Structures are given as structure tokens and as C-alpha cells.
Amino acid sequence: MHWRSKLIHPNAHAPANFRSLATPTYRGSTVIFARQADVSDDWRQTENGYSYGLYGTPTVLELGARIAEIEGAHHSFIVPGGQSAISLIYLSFCAAGTHALVPFTAYGPNQELACGLLQRLGISVQAYDPLIGAGIADLIRENTALIWVESPGSVTMEIQDVPAMVAAAHARKVPVALDNTYSAGVLFDAFAHGVDVSMQALTKYVGGHSDLLLGSVSVADTRCYEAIGPVYKQLGMAVSPDDCSLALRGLQTLGVRLERLERSTLEVARWLAQRTEIKTVLHPALESCPGHEYWRRDFTGSASIFSVVFDGRFSAGEVAGCADRLKLFKIGFSWGGVTSLAILYPNLDRPGVDYGGRLLRLNVGLEEPADLIADLAQALLTLDTRV
Ligand SMILES: *Cc1c(COP(=O)(O)O)cnc(C)c1O
């Protein structure tokens, strides 16, 4: 062969049987079949063999298999991010003329999708009070195709009575989807509590280092698997095996990171709770958090994200000034990484509650809690003189 052909069809190879602890990163779009008769284009690669890189290389399917094992799922689809997990679930269960229910504390872009693209497609999504519990039964219509739960809620952290809501939904044969990002798929056992589909932004705790975007959609049974698979294929939700390789590495340290983050976060939250500048601490493990009793009943731990509401005597501008003085806490979205973050929600839309621009969300990272508390103390100092 000409050397140019050898570049494409080499005969020399590295020795086989390298036994390492790391999962190999398999890149690939084309899958090679042995014979024409073997050719398939099937998203069910776990059962029927590999057909195309779009549905996942072995690295991607390995991550899916491990997430499914940890969550106790029938199967986990790996998708480009948490938001694409949300879209995939809506588009798998809802069609023009159907109705879906979503808590008004759901992740902001979930609500944007509901009011934007989904409305254009003729899917009507209705927001409900996250603390409605079994009362969700009254909102279920003939054409309700999906009920979302997200517990705790984004930013305001309300814990939902998921088992009561699942019971009401299943009585009307409506599937329940959970955004289980807060619990990293482990602090709340979605399937033991009857949820049909559980998604996570792997971007947060599984990635754990603010350097990748991935999501997972885990299903309880074959019915949900068959509902989601074709849509997953049609939407072409491919992910990078390199990102999956990082997520697989993240999984190995998830246990120690969550344990440490829980402890540090509680220390910071409890310190803030006894400060006179702070009116309320919205942390699921503290009694001041709406739905705390459901957290105590249903969760095995708490994570690194919570919010504080500053006392009414401070203006939104003063609270923003305080947040700007933080040094270790960086200003930024997303969470679950190693760095502490703080971000204000000046225009938070929650029916019946006006936080007046005084709600600050904190993500505690892996810094020493005493240093984080000192940082918060110095930022609060100028507010303090006005007590
Ligand atoms: C971050 C987040 C998402 C979206 O995840 P991306 O990977 O950023 O798309 C979805 N739900 C919740 C609760 C989140 O915090």
C-alpha cells in the first residue's frame, strides 16, 4: 500500500489488553458493521448493539449505565445538559393540545421553555404552587400529559410532598417527571418515591468542577424508555465522550464532595441564620425552609446551594453592595463545583411573595468554612452600622 493509504488503514497497532482503572474515551461517529445484513440505525444500543455515535459511544453509555445504577433506574439517557434533559422530557410526553403542570419555583429556563417554544407548539403548561401537595389532583385535566416536580425549588428552595403528588398523578395515569439536580440523584431516591422520570444537570454535582455541561434522563420502566428513546434520536442529542469521561471521573469523588459540601454549607447557613441582617435562611435542612418536614421525611442529606433573604430595613441596592464586597464568593450562575458563588435575584417572580431584591443565593464550595464565614462577615460589616 502507498503510505497515504497506510495513514487510513494501518496494520501496526499498540498491544491489546491494557488494564487501567480509567474508562477509555471512545470517540466516533461511524460505527463499523461486519456485514451489510448487520447494518442498523437503532437508538436502543444497550440491547441491540452499536449503530451510530450520535446515540452514544461506549464512554457515553458507560456514564448512562452508572447513573442508572446509582439512581436505581431502568435506563439513563445522557444528553447535552440539564436544560436539554428538560426539553427531551416535555417533547417525549406532550403533544399539541395536551396540558402539563410545572411548579412556579421550577428552574427558570424550564418555565421559559413552557411559555415559549411549547406554547408555540400548542402545548399548554400551567404553573402551580410547589406546596400544593395532594391538591395537585384538582389541577389535573383530561388532557394532562405530564406533571413536573422540582424539589427543592430553584432559588426559593421549597420542598415538595412528592409522594402525595405522585399518588394523585398516578390515580389519573399521568406520569411525573422530577428535576433531581439538587440531590445529585442520590440524596432523594426518585424511583422509591414513585417518580416516573428523573433528570439531573450532571453539570452540577456529577461534573463537580464547573468545566462541563451534561444532563441525564433516567426512566423507571420500559414504557418511559420507549416514550423517550425515539425523541432522543430525532432531536439528535449527541454528547461529547470527552465530557462524559470527565463526568465519570467526577462520579468517583461525588461521595466525599457531597459529604464535605453538606457540612460546610450547614455551617455557613447556621452562621447566617443567627445574623440580624438576615431575615430568613432558605436551606432545606433548616426549619425556616418551606416544606422542611418533607425534606426530613424523604431526603438523606442536603447539598451546597441555599438562599438568604436580607432584612427589610435594607434596600436592594445595599444588598447588592454587600454581595459585591464578597471576595471568596464569586458572582456567577450554576453551582455544585469547588468554588463558592453568590448571585442576587432582583426580579424573582413568585406569586404572593415579594423579596424586594433582597434574596441572595449562595453556593458553598470546598474552601474552609471559617474563611467563607469571615468573607461574609466583612461583606455584612457596612450594613451592620445601620442596625
Ligand atoms: C442548572 C440546572 C439545570 C440546567 O442545567 P444545564 O446543564 O446548565 O443546562 C436544570 N435544572 C436545575 C435545577 C438546574 O439547577
Side-chain angles (χ1 to χ4, degrees), residues 60 63-64 67 71 76-91 100 102-114 116-118 125 127 130 146 148-160 162 176-188 190 195 197-218 232 235 237-240 242-244 246-247 250-251 258 261 265 282-284 291 295 299 302-307 332-337 339 341-343 345 348 350 359 361-365:
V60 181
L63 177 60
I67 297 287
E71 294 189 4
S76 297
F77 295 91
I78 301 299
V79 296
Q83 181 63 9
S84 47
I86 292 169
S87 340
L88 176 60
I89 292 167
Y90 271 119
L91 294 172
V102 69
F104 59 63
T105 45
Y107 178 62
N110 179 328
Q111 302 182 59
E112 277 179 54
L113 175 63
L117 177 64
L118 296 181
V125 185
L146 180 68
W148 272 101
V149 288
E150 182 178 328
S151 178
S154 277
V155 188
T156 44
M157 311 303 289
E158 296 84 349
I159 317 297
Q160 299 195 259
V162 172
V176 176
L178 166 70
D179 187 329
N180 206 19
T181 302
Y182 175 88
S183 92
V186 291
L187 302 176
F188 177 81
V195 165
V197 183
S198 171
M199 53 81 36
Q200 279 191 69
L202 302 176
T203 307
K204 309 288 168 53
Y205 292 117
V206 171
H209 296 77
S210 313
D211 56 3
L212 64 88
L213 289 144
L214 280 175
S216 61
V217 176
S218 301
Y232 162 79
L235 290 174
M237 286 200 172
V239 302
S240 156
D242 295 277
D243 287 344
C244 291
L246 288 173
L251 274 178
L258 281 179
L261 291 173
T265 306
L282 301 171
H283 182 300
W295 175 82
F299 283 67
S302 58
S304 69
I305 191 107
F306 70 102
S307 295
F333 283 115
S334 205
W335 40 276
T339 313
L341 300 170
I343 196 150
Y345 284 84
L348 203 58
R350 295 283 187 268
L359 185 144
R361 189 181 74 173
L362 298 171
N363 171 65
V364 170

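When a ligand or atom number is given, it counts from 1 through the structure's own listing order. Remember, it's a predicted structure, so these values are computed and weren't measured experimentally.
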Should the ring pair Trp148 and Tyr90 be called parallel, tilted or perpendicular, given that the plane angle runs from 0 to 90° and is split at 30 and 60? tilted
Going through the checks in order, is the side chain to side chain contact (heavy atoms under 4.5 Å, CB included) test met by Ile305 and Met157?
CA-CA 9 Å; Ile305 191 107; Met157 311 303 289; 4.1 Å; yes
With sequence neighbours left out, the residues meeting side-chain contact (heavy atoms from CB on, under 4.5 Å) with Ala106 are Val102, Pro103, Asn110, Gln111, Glu150
Protein neighbours of ligand 1 with a heavy atom under 4.0 Å, given by chain and number, are Gly81, Gly82, Gln83, Ile86, Tyr107, Glu150, Ser154, Asp179, Thr181, Ala201, Thr203, Lys204, Leu213, Trp335
Over 60° means perpendicular and under 30° means parallel, so tell me whether Tyr182 and Phe299 are parallel, tilted or perpendicular.
perpendicular
*Test item: Leu251 and Leu63 side chains (from C-beta on) under 4.5 Å apart, heavy atoms*: yes
Whether Tyr205 and Trp335 hold their rings parallel, tilted or perpendicular, with breakpoints at 30° and 60°
perpendicular
